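See below for the structure under consideration.
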There are 2 protein chains.
Amino acid sequence: MTGLVRPSSTRQATEPVRQEGLRSINLELVFRHILAAPVPISRTELAAGTGLTRPTISRIVDELLAGKLITESGLTHDGRAGRPRVGLSISDEGPAGLGLDIRSDGLAACVVDLTGTVRHLAFAPSTYDDRGAPAVLAELARMAGTAIEATAAEDLTVVTATLAVPGPVDAGMVRSAPALGWRNVDAGALLRGATRHLDLPITVDNEANLAALGELYASDNTLSGFVYVSGGLGIGAGIVLDGQLLRGVRGWSGELGHVTVYPDGKPCPCGSRGCLQTYASLPAILSDDPVPPHSTPDAAVTTRADAGDPATLAALDTAGTALGIALSDAINILDIDTVLLGGAFSLLSSWLTATVRTELNQRVLTAAWAPLTVRPAQLGPDAAVIGAALTAIDQIRQHPTTWLAR
Amino acid sequence: MTGLVRPSSTRQATEPVRQEGLRSINLELVFRHILAAPVPISRTELAAGTGLTRPTISRIVDELLAGKLITESGLTHDGRAGRPRVGLSISDEGPAGLGLDIRSDGLAACVVDLTGTVRHLAFAPSTYDDRGAPAVLAELARMAGTAIEATAAEDLTVVTATLAVPGPVDAGMVRSAPALGWRNVDAGALLRGATRHLDLPITVDNEANLAALGELYASDNTLSGFVYVSGGLGIGAGIVLDGQLLRGVRGWSGELGHVTVYPDGKPCPCGSRGCLQTYASLPAILSDDPVPPHSTPDAAVTTRADAGDPATLAALDTAGTALGIALSDAINILDIDTVLLGGAFSLLSSWLTATVRTELNQRVLTAAWAPLTVRPAQLGPDAAVIGAALTAIDQIRQHPTTWLAR
DNA sequence: AGTTTTGTTTCATGGGTTGACCTAAACCGA
DNA sequence: TCGGTTTAGGTCAACCCATGAAACAAAACT
């Protein structure tokens, strides 16, 4: 994995750059080169790649080694004459990122190291009907503690945490998360309180946004612009353009579930009519059939579809059509070339993909000469936790100087 | 006007920064501070604002003065004790940007100086039925020559040109512009050929995109995220988020005219059904009534609406509703807070705004707690030319070093 | 004339570069 | 097997150049 880093030729400083700042810029440049290298890279190769001289590279590498951000990983004997090169690669010890996720079926925690490898992944099934937000976040704080302890044994230091929540978030405040029965819950403050002893900086973000970032990492940056559609009790979307998450003015972008599909269609709890959610969310696909006890909506739909239940198949067709219409709106507006079906949709993709493609090909103006990709997400239900952990560590990946200055 | 500049805390270098690069970073920082200042600013104020020391500011200011990017504009006697401050402001001589626009009713050319002031604006009524792209672009090249000559007399040097075209553009290639009857016309190459003697770097972009940038400038950066909807024979949109134009993966974003409003609605020439264009474009509002000779579609609609023609008023209502639905999709997806009605819609706004607002308030999820603004665009039909000229000059505004190094 | 603030000059600092020289560790040919 | 060759990497000087600090000059006010 090479991370979220995208080259950008523009440089916009808001504060002056002094000589010391110069070193940190070049240090970050070198670090990004090491991040981007698929195999361990030598000092000389770095000098050639960055344009800096060997003495400067040596200085910087020494600093990175001292800060445990990179490691020397043995010699490369490639048969050529001369002294073998010393490989440098991102350290799998040192700083790490913690991801936390409140999923419809339980709580998840995840630790990712600097290389982007998942080092810890825990899941605890849970429901939310009977418990309030403080209890849920206290439980999550316990899981965070366990994750930090477990990875500390492997010489990892968790430096930041990101919490994924199924709903729009605004500076740590969860505006509304119907799946959890939350309204205006200050999840950031609650979690900070519950993890006070850990002293972690905590960020809260939308689940679909983080899952999109997870998929971006997992794709090794082969995706340039895509929508991650997360199906569940509601429908959310994370939009990535040019390797960057599109957050909107207030961070409430990606409300695909409330895009109008049929202007005079079914009423939606939001007050509008014909929202995508009323056709393609799990409750809509299940219509009024109750979910059997000890099962989940996700499982109920897949088992019925597998069994060939005609009502369910018809509902999936309706859902796919509606999803395709909403997505073609998004693509006409945004000009992106890939759709990732995530959340519950990743399990249902075999019933949805064809229908979605049909609608896209008909309705997206540029589809005629620029093909679109529709495929299930890679990381499945763990996309959001992993994305959250990766986001947390990405701050250090992009700005290693802040970690070195700790 | 303060320009497109937005502070960005991230710094991502792809090439090493040496001492000289350091100076250029700080030079650009200082230049942006001067751009952002509403009134002439002194060296000492710059030092306080940027965090650099006065000697450094003096050095940089000397360079900017030598390069004619700024001028010393007299002393400020504000009654306080001490030596009076020497005001520094953006030069209204020196580099300038040229904008060119192929409008449905004619050709336009515009020159804007570094301060963002329009210094030259010319319009030549014209139709396209009888002429091919080469003839049109040759005419435009003549207008460019005149504009450059006229402004050279005022000590302005046009350094770049941007061409606005009503249709999706891809590296200078106009994919399709139905209003002009163009398909796959390499407008960039043709214009470069016709202006070879002027030796200008030429960019081609979508008309709605450039108009959006024009409105952004004109708003003095009070807009953070907005959609500029351009009504005409078709419907296009320019989307600005965080002060930056959203171009999409291939630069084809903003195809609002082909957003699906009624999935089983009227067929559209694009092959789909129920596209916004089939309800809200000028031809749709005029339905089948022919435009009188010596009039334009724009004028025909406004005169009929002013006269209270019931069919036209009904059509405007349908158009407003469809526009509101499509815009609410865009806002749910993008999270922006302002809609600017541009092109022909700016003339029709008194009949459209209320209907659009109604739909937005019903269909946008966040409208309940975050109010939306809907208003006509400020610059009217000249938005695109002005935006094009501003884009051209904006390269120097953002990276003055490239101009100094010429 | 003294004060205050602005803008400039002078000098020291410090980072990066160049270039030279050196060591380490592989290969190669005798 | 051994010394020569080749390449990687480290170390040291000298230099460049932008910034910062402090002293200095300029132009207003009191």
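Quick note: numbers below take in every heavy atom, side chains included, and nothing from hydrogens, waters or symmetry partners. So that the names make sense, note that chain A is the first sequence line, chain B the second, and so on, each numbered from 1. None of the values given here were measured: they were computed from a predicted structure.
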Integer-rounded Å distance: [N] [atom2] and [X] [atom1]:
| X | N | atom1 | atom2 | value |
| --- | --- | --- | --- | --- |
| Leu46(A) | dA8(D) | CG | P | 13 Å |
| Ile25(B) | dT19(D) | CD1 | C1' | 13 Å |
| Glu63(B) | dA18(D) | CD | C1' | 11 Å |
| Glu45(B) | dT6(C) | CD | P | 8 Å |
| Arg85(A) | dG10(D) | CZ | P | 15 Å |
| Asp62(A) | dG16(C) | CG | P | 13 Å |
| Glu72(A) | dA24(C) | CD | C1' | 13 Å |
| Ile60(A) | dG16(C) | CD1 | P | 6 Å |

Q: Look at Asn26(B) and dA18(D) and indicate whether a side-chain polar atom (N or O) is within less than 4.0 Å of OP1 or OP2.
A: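 Indeed not, no polar side-chain atom of Asn26(B) lies that close.
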Q: Ignoring backbone atoms, establish whether Thr56(A) has a side-chain N or O less than 4.0 Å from OP1 or OP2 of dT17(C).
A: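 Yes.
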Q) Closest heavy-atom contact between Thr401(B) and Ser24(B)? A)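 In this case the closest contact between Thr401(B) and Ser24(B) is CG2-CB, 3.4 Å.
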Nearest of [options] to any side-chain atom of [X]?
| X | options | answer |
| --- | --- | --- |
| Thr53(A) | dT18(C), dG7(C), dC17(D) | dT18(C) |
| Thr44(A) | dA8(D), dT19(D), dT17(C) | dA8(D) |
| Pro55(B) | dG7(C), dA18(D), dA22(D) | dA22(D) |

Q. Is Arg43(A) touching bases, backbone alone, or none of the nucleic acid, heavy atoms closer than 4.0 Å?
A.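 Sugar-phosphate, backbone atoms only, no base.
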**Q.** Arg54(A), CZ: over 12 other non-hydrogen atoms inside 6.0 angstrom
**A.**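 Counting other residues, nucleotides and ligands, CZ of Arg54(A) stays at 12 neighbours or fewer.
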Check the side chains of [Y] and [X] for a donor-acceptor pair under 3.5 angstrom, ignoring hydrogens and angles.
| X | Y | answer |
| --- | --- | --- |
| Asp113(A) | Thr115(A) | yes |
| Glu154(B) | Thr151(B) | no |
| Thr402(A) | Gln395(A) | no |

Q) Of Ile25(A), Ile57(A), Ile70(A), which is the lone residue that meets side chain to side chain contact (heavy atoms under 4.5 Å, CB included) with Val30(A)? A)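 Among Ile25(A), Ile57(A), Ile70(A), the one meeting side chain to side chain contact (heavy atoms under 4.5 Å, CB included) with Val30(A) is Ile57(A).
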Q) Hey, are Glu72(B) and Arg43(B) close enough for a salt bridge, meaning a charged N less than 4.0 Å from a carboxylate O? A)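 Salt bridge present between Glu72(B) and Arg43(B).
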Q) With a 4.0 Å cut-off, would you call Asp205(B) and Arg247(B) a salt bridge? A)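 So Asp205(B) pairs with Arg247(B) through a salt bridge.
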List every contact pair, protein side and nucleotides 26-29 of chain D side both N or O, where the distance is under 3.5 Å.
residue: dA27(D); atom: N3; partner: Arg83(B); partner atom: N; Å: 3.3
residue: dA28(D); atom: N3; partner: Gly82(B); partner atom: N; Å: 3.4

Q) In dot-bracket, 5' to 3', how would DNA chain D read with Watson-Crick or G-U wobble pairs under 3.5 Å, [ ] for crossing ones and | for pairs to another strand? A) ||||||||||||||||||||||||||||||
**Q.** DNA chain D: 5'-proximal contact among Arg54(B) and Arg59(B) (nearest heavy atom)
**A.**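 Nearer the 5' end of the strand: Arg59(B).
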Q.
Measuring from atom CG of Leu216(B) to atom CG of Leu210(B), what distance do you get when rounded to the nearest 0.5 angstrom?
A.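 That separation rounds to 12.0 Å.
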Q.
Apply side-chain contact (heavy atoms from CB on, under 4.5 Å) to residues Thr203(B) and Thr160(B) and explain how you reach the verdict.
A. CA-CA 8 Å; Thr203(B) 320; Thr160(B) 28; 5.8 Å; no
